[in-house]
Amino acid sequence: MKRIFEDIAYTGAPVQNCFWNVTAPSREFQTLGADQSCDVAIVGAGFTGISAAYHLAKNGVSVILLDAETPLFGATGRNGGFCCLGGSKASDAGLDRLFGKNERLLFRQAEKEAVGLVRGLLETNAIDADTHSSGETQLAHRPKDSAEMAETKATILQNYGVEATYHPKEELMQLGLGGPFFGALTTPLGFALNPRKYATGLLEAAIENGVKVYAHSPVIKIERNPRGYDLRTPVSTLRAEKIIIATNGYSSEDLPDWMRSRFMPVQSSIILTRPLKEDELNAQGWTSDQMAYDTRKLLHYFRLLPDRRFLFGMRGGLFATQGERKMIEREIRANFNAMFPAWSGVEIEHEWYGLLCLNRSKTPYVGAIPDMPGAFAGFGYHGNGVGMGSYAGALLADLARGLVPERPYPQAMRTVPKRFPLGPYRRHLMRPLYQWMAWQDR
Ligand SMILES: Cc1cc2nc3c(=O)[nH]c(=O)nc-3n(C[C@H](O)[C@H](O)[C@H](O)COP(=O)(O)OP(=O)(O)OC[C@H]3O[C@@H](n4cnc5c(N)ncnc54)[C@H](O)[C@@H]3O)c2cc1C
């Protein structure tokens with residue numbers, strides 16, 4: 001497995017103090033000890049792989065799901081739990097230019113359906129994932145961003161067919177959204193959840209439908225055989241007619257070779273306070289259950305959990321070195337203190353980070369791997385994989401069954417992303433981009 005981040009990024013160290021682990025401990029899974037075979041083998045047990053496994057098994061397909069570590073080890077078990085619109089960094093104008101307006105609207109429809117899919121999976125499988133928040137609220141960090149929200153409101157109506165609500169600055173305290181904000185826009189789509197409870201519940205449902213799951217079984221080689229593929233792990237071989245690669249930010253350059261330079265892993269970081277008392281919440285003026293984020297390009301995302309802990313996230317370091325880690329630890333605290341000064345003395349009890357994935361196309365890829373018949377991949381959700389990863393999994397299940405998906409499957413998700421330049425050194429491309437974004441955010 002050739003991976004481009006420092007080794008520590010692929011160990012348990014970044015999630016040693018992840019809060020979700022405490023709320024939904026993982027059960028034990030065996031390693032793939034003896035050779036086995038199945039219809040569809042899935043590499044990577046996160047939202048994408050679990051959703052694909054669930055949707056395949058529901059339709060009678062025999063599935064084996066492998067993870068190099070444990071299920072939910074990747075971003076799935078450690079994200080912010082915003083089940084929201086997104087999955088792409090492409091602008092409307094960019095999508096229109098490349099695919100036309102109808103395809104842009106189809107992509108927006110897919111984003112919306114991704115949120116609905118998660119809602120449906122929670123309900124159908126009676127998964128209690130501590131959900132809260134009525135849609136998502138974007139907070140203007142400058143007056144000019146607030147002024148632009150009228151235009152954004154119109155765009156939201158066109159793209160998603162829903163009326164967003166604008167809240168002027170004067171109303172924010174009353175709404176429990178107290179902070180250095182100049183206005184807000186609430187889009188009534190999406191909700192927040194405990195990502196580990198959701199993914200664990202879906203994994204259990206997949207297992208009930210017959211999916212076999214193996215942990216500590218890294219696929220180290222993919223070979224063709226006359227009827228499909230042999231996935232080699234250090235101790236055994238899994239033979240399958242079809243395979244799905246669902247490794248996202250934890251992907252390797254050589255599994256398969258086609259993945260080389262086709263994805264950009266980047267880090268995101270989260271801190272979590274102890275439960276806040278009512279007088280502390282009132283002192284800051286933040287009492288809302290809304291999941292929220294600011295208008296910065298290098299955005300901050302935050303929400304008050306049902307147990308009144310406050311979750312605050314932002315980008316992570318470009319490298320997983322100790323020096324860069326220390327810098328991000330300082331920066332995330334400084335940003336949190338600046339935005340929520342009343343809580344600057346409050347204990348941070350949990351802190352963790354992980355890898356998400358960007359594509360050069362700025363849109364997710366969900367589809368066949370060219371020149372590998374019967375092989376499929378889904379990756380590149382641009383930090384919005386709770387909904388979009390689950391949705392990609394459902395699409396991949398259809399594709400692996402040889403079906404044309406009935407759900408929206410826009411051109412933007414079917415177009416193979418080009419490789420990033422600079423090969424294994426491509427993370428260096430992000431430094432000037434982050435600097436440009438920070439400059440834009442002033
Ligand atoms: C800190 C953070 C906060 C985030 N917040 C949000 C949020 O609030 N909302 C949102 O929508 N998205 C968020 N995201 C993004 C979201 O978590 C991801 O997009 C999503 O989890 C991707 O799911 P996945 O199943 O595709 O990949 P992952 O969950 O990353 O899983 C990939 C799996 O593949 C396994 N693997 C890799 N290589 C191999 C191999 N060779 N053999 C076997 N297994 C292998 C890994 O061990 C891993 O478990 C966040 C991400 C991070 C890191």
Side-chain angles (χ1 to χ4, degrees), residues 1-3 9-12 14-15 18 20 32 41-53 65-87 111 114-115 118 136 190-196 198-199 202 214-222 231-234 238 243-256 259 263 265-271 291 293 299 301-303 311 313-316 332 351-358 364 366 377-393 396:
M1 289 156 82
K2 285 190 218 152
R3 291 161 143 181
Y10 305 104
T11 69
V15 272
C18 175
W20 308 130
L32 184 77
I42 302 177
V43 186
F47 294 130
T48 309
I50 295 170
S51 169
L65 179 58
L66 299 180
D67 202 281
E69 298 297 329
T70 50
L72 282 53
F73 168 82
T76 293
R78 59 179 93 180
N79 61 76
F82 285 51
C83 180
C84 54
L85 302 168
E111 288 179 59
V115 170
V118 177
E136 59 182 55
F191 56 95
L193 48 64
N194 176 323
R196 212 176 164 88
Y198 160 47
L202 192 59
Y214 294 97
H216 306 295
S217 303
V219 172
I220 51 174
K221 206 163 188 192
I222 300 175
L231 301 184
R232 307 244 182 242
T233 75
L238 174 57
I243 59 171
I244 292 175
I245 306 297
T247 47
N248 205 48
Y250 291 82
S251 297
S252 305
E253 297 287 87
D254 53 347
L255 290 167
M259 284 299 285
F263 62 101
V266 299
Q267 298 192 105
S268 189
S269 273
I270 289 178
I271 54 175
M291 60 179 180
Y293 56 98
L299 64 81
Y301 51 97
F302 35 90
R303 64 184 175 102
L311 179 150
M314 58 176 252
R315 76 167 178 88
I332 194 168
E351 180 159 18
W352 66 92
Y353 57 102
L355 294 171
L356 50 92
C357 178
L358 316 180
V366 185
F379 58 92
Y381 314 120
H382 301 85
N384 282 298
V386 175
M388 202 43 105
S390 307
Y391 190 78
L396 289 164

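All ligand and atom numbering here is 1-based and tracks the order in the structure. Every value quoted in this text rests on a predicted model; they were computed, and no experiment measured them.
No donor-acceptor distance shorter than 3.5 angstrom exists from the side chain of T76 to the backbone of G46, with no hydrogens or angles considered. A donor-acceptor pair under 3.5 Å links the side-chain atoms of D67 to the main chain of A45, judged by distance alone. Between the H382 side chain and the G87 main chain, a donor and an acceptor come within less than 3.5 Å of each other. Between the N384 side chain and the Y381 main chain, no donor and acceptor come within less than 3.5 Å of each other.
Numbered from 1 in the order shown, with element, the atoms of ligand 1 that lie under 4.0 Å from a heavy atom of G383 read 6 (C), 9 (N), 10 (C), 11 (O), 12 (N), 13 (C), 14 (N), 15 (C). Atoms of ligand 1 found under 4.0 Å from any heavy atom of G80 (numbered from 1 in listed order, with element): 3 (C), 4 (C), 5 (N), 6 (C), 7 (C), 8 (O). Annotation for ligand 1: atoms under 4.0 Å from non-hydrogen atoms of R3 are 37 (C), 38 (N). Counting the atoms of ligand 1 from 1 in the order shown, those under 4.0 Å from a heavy atom of F73 are 47 (O), 49 (O). With ligand atoms numbered from 1 in the order given, ligand 1 contributes 1 (C), 2 (C) to contacts under 4.0 Å with heavy atoms of R78. In summary, the atoms of ligand 1 found under 4.0 Å from a heavy atom of F82, numbered by their order in the structure, are 7 (C), 8 (O), 9 (N), 10 (C), 11 (O). Distances below 4.0 Å separate heavy atoms of L255 from the following atoms of ligand 1: 41 (N). Interface of Y301 with ligand 1, defined as ligand atoms under 4.0 Å from a residue heavy atom, comprises 1 (C), 2 (C), 3 (C).
Here's the thing with G378: none of its N/O atoms is less than 3.5 angstrom from an N/O atom of ligand 1. The shortest N or O to N or O distance between I270 and ligand 1 is not under 3.5 Å. Considering backbone and side-chain atoms together, A68 places an N or O closer than 3.5 Å to an N or O of ligand 1. Ligand 1 has no nitrogen or oxygen under 3.5 angstrom from a nitrogen or oxygen of L355. By the 3.5 Å distance cut-off applied to N or O atoms, T76 is counted among the residues near ligand 1. For the pair L72 and ligand 1, the shortest N or O to N or O distance does not fall below 3.5 Å.
The protein heavy-atom contact nearest to atom 34 (O) of ligand 1 is G44 CA, 3.3 Å. Looking only at protein heavy atoms, the nearest one to atom 41 (N) of ligand 1 is V219 O, 3.0 Å. For atom 48 (C) of ligand 1, the closest non-hydrogen atom on the protein side is D67 OD2, 3.5 Å. Closest to atom 30 (O) of ligand 1 among all protein heavy atoms lies A75 N, 3.0 Å. Closest to atom 16 (C) of ligand 1, if we only count protein heavy atoms, is G385 N, 3.8 Å. Nearest non-hydrogen protein atom to atom 52 (C) of ligand 1 is S268 CB, 4.0 Å. From the protein, the heavy atom lying nearest to atom 20 (C) of ligand 1 is F47 CD1, 3.8 Å. The nearest protein atom to atom 24 (P) of ligand 1, hydrogens excluded, is given as T48 OG1, 3.5 Å; this is a heavy-atom distance.
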Going through the checks in order, is the side chain to side chain donor-acceptor pair (under 3.5 Å) test met by T233 and Y214?
CA-CA 11 Å; T233 75; Y214 294 97; over 6 Å; no
Please report the C-alpha distance between Y301 and F82 in whole Å, then the side-chain angles of each, then the deciding distance to 0.1 Å, and finally whether the ring-ring contact (aromatic ring centres under 6.0 Å, His included) criterion is met.
CA-CA 9 Å; Y301 51 97; F82 285 51; 5.8 Å; yes
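We find the CH2-CG distance between W352 and N79 to be 9.0 Å, quoted to the nearest 0.5 Å. Atom CE of M1 and atom OH of Y10 lie 8.5 Å apart (nearest 0.5 Å).
Within the structure, ligand 1 has Y381 among the residues with a heavy atom less than 4.0 angstrom away. Under a 4.0 angstrom heavy-atom cut-off, G81 registers as being in contact with ligand 1. At least one heavy atom of P218 sits less than 4.0 Å from an atom of ligand 1.
For residues 246-255, the set of pairs meeting the side-chain hydrogen bond (donor to acceptor under 3.5 Å, both in side chains) definition, not counting sequence neighbours, comprises R78-Y250, T247-S251, E253-R426.
Under the rule for a side-chain hydrogen bond (donor to acceptor under 3.5 Å, both in side chains), Y353 has no partner lying at least two apart in sequence or in another chain.
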